[in-house]
Asker: 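Quick one: the structure is below, and I'll ask about it shortly.
Per chain, numbering begins at 1; letters A, B, ... match sequence-line order. Because the structure is predicted, anything quoted here is derived from the model rather than measured.
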Protein chains: 2
Amino acid sequence: MHPLRKHIEELIALTDEEFDMVLSYFEPIQKRKHQYIVQEGDLVDKEYWILDGCLKSYLVDDDGKEHILQFGMENWWITDYESFIKHTPSKISIDCIEDSELLFITFENREKLTAQMHKMERFWAKKSKFGRIALQNRILSLLKNSAKERYDVLLEQYPQLFQRVPKKLIAAYLGVSRETLSRLQS
Amino acid sequence: MHPLRKHIEELIALTDEEFDMVLSYFEPIQKRKHQYIVQEGDLVDKEYWILDGCLKSYLVDDDGKEHILQFGMENWWITDYESFIKHTPSKISIDCIEDSELLFITFENREKLTAQMHKMERFWAKKSKFGRIALQNRILSLLKNSAKERYDVLLEQYPQLFQRVPKKLIAAYLGVSRETLSRLQS
DNA sequence: ACATTCATCACAGATTTGGTGTGATGTTTG
DNA sequence: CAAACATCACACCAAATCTGTGATGAATGT
């Protein structure tokens, strides 16, 4: 089964015809390590689903420091949702940590697809709810937990991440310096 | 003197006021290595002048191979002229080989500036003529010269390039494989 | 006032990536 | 068929990045 189908069917069931229809609205794209899919200032009109690879979405502050909003790996969705939904210039950048294979759907096609297929509207609605919950938990974790606790939670939830991405990126995600992260590990 | 002024004054003379006027139509922008300024499919409405850094404009073919149309370094102009002038989607991509500082002018502002300042219209007209000559010579060189000869010409014209950019990019510019280029060097 | 928790700076060593040359072999073309 | 190249495979080197750790200092809560 197509991995995207498997992914979607975790939330809603699809017939073969329905999935073919869904897939027809997506386009594949390959990007190599270091390549960007979104740069600060862009108007983002695509949402990406990661077939293979690893990306990061991040904001660069006035001191030039990166703050990572999200990592993206296989079966995850990634884009700048603010720009995608509000049609405003992006504040964030997204680039590839590894060579990546993506499927993207444009805003327009997503509108068409949801109009045409109520199931997919439900899919995205559900996904959006789960996404909201995850973001809330991240906020609470940043407020409530110490760096060490945040480190432990991340390690438990996504152990693969620690094998795949440099520690300084983990640090930029957890909101600590890379030196502190290094010391947390011991 | 501002490097852009120096550059323009190689073709036409400007008063202080005139140059201030010209400069007011440009905006500065910084990009880091690997960042793009033009992606395939974009509608390009900006022309860039390179204050510092190094870029490449290139086309990716169906096999994923890069063919380099132009390198850009200090005091050069770069954009996808086809998209810029015809307002069609770009076939090429442009990205930074090094961290770069650029000044850009939008198509609209360029129109305004040339309407307002005949001198600048003359400047761009001259530049365009020289550009055309360079392109013609490149075509002739690709038709007429062997790889070795093209290599020698490039080395003589732009020796700096060989210090700054990886040989595989030179190869993609000359239209040979990097192995062949390597063997030409001996 | 002091302990805790972190950032920042500096450095050194390990690891990875990218760049480069070169041999072997295959393909195209005049 | 010879010349001029591409392609694949490999090995080596240099440069960049990653990583841990000590020293120092600032902010914060108790």
Side-chain angles (χ1 to χ4, degrees), chain A residues 31-36 53-56 58-68 71 95-100 141-155 159-186, chain B residues 32-35 53-56 58-68 71 95-100 141-155 159-186:
Chain A
K31 290 281 168 182
R32 286 192 282 168
K33 186 171 174 177
H34 292 130
Q35 286 194 298
Y36 288 77
C54 186
L55 301 89
K56 64 183 199 283
Y58 60 100
L59 183 133
V60 179
D61 71 17
D62 299 337
D63 302 336
K65 266 197 295 191
E66 283 188 9
H67 303 273
I68 295 184
F71 289 107
D95 64 28
C96 297
I97 300 173
E98 306 171 355
D99 293 355
S100 302
S141 171
L142 283 167
L143 291 170
K144 192 184 75 172
N145 297 128
S146 69
K148 172 65 173 157
E149 288 168 320
R150 278 176 273 149
Y151 167 83
D152 288 337
V153 169
L154 188 68
L155 183 57
Q160 339 87 296
L161 207 60
F162 289 74
Q163 318 309 322
R164 280 180 91 160
V165 318
K167 301 296 159 59
K168 69 166 181 183
L169 296 183
I170 308 262
Y173 178 85
L174 290 174
V176 294
S177 69
R178 55 161 209 86
E179 294 92 338
T180 297
L181 176 65
S182 168
R183 289 184 248 264
L184 287 180
Q185 291 181 118
S186 38
Chain B
R32 288 198 278 170
K33 186 172 174 177
H34 293 127
Q35 286 194 296
C54 187
L55 301 90
K56 63 182 200 279
Y58 61 98
L59 183 135
V60 180
D61 71 19
D62 300 336
D63 302 336
K65 265 196 299 190
E66 281 188 14
H67 302 274
I68 295 184
F71 289 108
D95 54 45
C96 296
I97 301 173
E98 306 171 355
D99 293 355
S100 301
S141 170
L142 283 167
L143 291 171
K144 192 185 73 171
N145 296 129
S146 69
K148 171 65 173 158
E149 289 168 319
R150 279 177 273 149
Y151 167 83
D152 288 336
V153 169
L154 188 68
L155 183 56
Q160 340 86 296
L161 208 60
F162 289 74
Q163 318 309 321
R164 280 181 92 161
V165 317
K167 301 297 160 58
K168 68 170 177 180
L169 296 183
I170 308 261
Y173 178 86
L174 291 174
V176 293
S177 70
R178 55 157 213 88
E179 294 92 338
T180 297
L181 177 65
S182 168
R183 288 184 248 265
L184 287 180
Q185 290 181 117
S186 37

Asker: Please tell me if the side chains of B/Leu169 and B/Phe71 come closer than 4.5 Å, counting only heavy atoms from C-beta onward.
Answerer: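 Yes, at least one pair of side-chain atoms sits under 4.5 Å.
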Asker: Protein within reach of the bases, or only the backbone? For nucleotides 9-25 of chain C, mark each nucleotide 5' to 3' as B, S or -, using heavy atoms under 4.0 Å.
Answerer: BB------SSSBBBBB-
Asker: Expressed as a whole number of angstroms, how long is the span from A/Leu184:CG to D/dT21:C1'?
Answerer: 14 Å
Asker: Rounded to whole angstroms, how far apart are NE2 on B/His67 and P on D/dA6?
Answerer: 11 Å
Asker: What residues, two or more places apart in sequence or in another chain, satisfy side-chain hydrogen bond (donor to acceptor under 3.5 Å, both in side chains) together with B/Arg164?
Answerer: B/Glu74, B/Glu98
Asker: Should B/Asp95 and B/Lys56 be marked as a side-chain contact (heavy atoms from CB on, under 4.5 Å) after you check the CA-CA gap, both sets of side-chain angles, and the distance that decides it?
Answerer: CA-CA 6 Å; B/Asp95 54 45; B/Lys56 63 182 200 279; 3.1 Å; yes
Asker: CG of A/Leu169 versus P of D/dT17: gap in Å, rounded?
Answerer: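 Whole-Å distance recorded here is 12 Å.
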Asker: Which part of the nucleic acid, if any, lies within contact of A/Lys148, taking any heavy atom under 4.0 Å across all strands shown: a base, the sugar-phosphate backbone alone, or nothing?
Answerer: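 Touches nothing.
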Asker: Output yes when a side-chain donor or acceptor of B/Arg178 lies under 3.5 Å from a complementary backbone atom of B/Ala171, and no otherwise.
Answerer: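 Judged by distance alone, no pair lies under 3.5 Å.
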Asker: Checking A/Lys31 now: which residues fulfil side-chain hydrogen bond (donor to acceptor under 3.5 Å, both in side chains) with it, not counting sequence neighbours?
Answerer: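 Result, side-chain hydrogen bond (donor to acceptor under 3.5 Å, both in side chains) vs A/Lys31: none returned.
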Asker: Rounded to whole Å, how long is the line connecting atom CG of B/Leu142 with atom P of D/dC5?
Answerer: 12 Å
Asker: For A/Ile170, run the side-chain contact (heavy atoms from CB on, under 4.5 Å) check against A/Leu155, A/Val176, A/Leu161 and tell me which one passes.
Answerer: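 The option that passes is A/Leu161.
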Asker: Figure out the CG/P separation between A/Leu174 and C/dA7, and round it to whole Å.
Answerer: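 About 11 Å, once rounded to whole Å.
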